[in-house]
Amino acid sequence: MDINLYKYLKKTTAEGPGQRFCLWVQGCSRHCSGCFAKETWPHKPNKIMSTIDLFRLITAQKDIEGVTFLGGEPFEQAKALAELAKMVKNEGLSVLTFTGNRYEELKNAKNKDYDELLAQTDLLIDGGFEEDKFDLSRPWVGSKNQRYIFLTDRYNENEIKNYKNKIEVRIEKNGFVFINGMGDFNAIERDLCLQCPKNSL
Ligand code: SF4
């Protein structure tokens, strides 16, 4: 099966426990106010990769403990992600899935693709970003409504407390700056712009 990606990172320590392969899907219908990933909203073909090619790429990475799915909305491509998740879990890797939906909504939807992705997920972080509940005190999330749902015993509440929010900044070959992780992105953008030559004149 194919997955329509916005982007992937082979290694990051800012999107879940330990070092992880991270995969942002393209397409999200929720359009939460204050979302920092608006470029992932359109349901247009962006970077199409097969689950088997992604599996090979993921398992070629050394020293990763798992894979993180975020977006975009992973449950809008649940079937393909569940297939990929099953393959990587067979290799001993963990799966963390972010979703803008509430866990109860996913369970009550009686959608077998949703059920399959939930069955392959160790840690679900649910709830879209809510601007008026902005809170950076917990790892990997930006608002108070978001919850950690432990769907297996791979992770637990105590372990999560050992992590703090952080961001990673990458300057790519084309000069594009890619920031991931969780932080005050408005302040970061402001600070970066203050460093621009045009703003220092
Ligand atoms: S679900 Fe996530 S990607 Fe989609 S709009 Fe909300 S915060 Fe943005």
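Whatever order the structure lists ligands and atoms in, that order sets their numbers, starting from 1.
With hydrogens left out, the protein atom closest to atom 8 (Fe) of ligand 1 is Cys35 SG, 2.3 Å, a heavy atom. When only non-hydrogen protein atoms are considered, atom 6 (Fe) of ligand 1 lies nearest to Cys32 SG, 2.3 Å. At the top of the distance list for atom 2 (Fe) of ligand 1, counting protein heavy atoms only, stands Gly72 O, 4.3 Å.
Considering NZ of Lys10 and CD of Gln19, their distance stands at 12.5 Å, rounded to 0.5 Å.
Looking only at atom types and distance, the side chain of Glu76 has a donor-acceptor partner in the side chain of Ser29 under 3.5 Å away. Asn145 and Arg102 share no side-chain donor-acceptor pair at under 3.5 Å. Neither side chain, Thr68 nor Glu15, offers a donor N or O lying under 3.5 Å from an acceptor on the other.
Using a 4.0 Å cutoff on heavy atoms, Trp41 counts as a contact of ligand 1.
Looking at His31 against ligand 1, only its backbone comes within 4.0 Å, counting heavy atoms.
Between Phe178 and Trp24, the ring-plane angle classifies as perpendicular under the 30° and 60° cut-offs.
For atom 6 (Fe) of ligand 1, the set of nearby N, O or S atoms under 2.8 Å includes none belonging to Cys28.
If you number the atoms of ligand 1 from 1 as listed, the ones under 4.0 Å from a heavy atom of Gly100 come out as 1 (S).
In terms of modelled atom types and a separation under 3.5 Å, the side chain of Glu116 and the main chain of Lys79 share no donor-acceptor contact.
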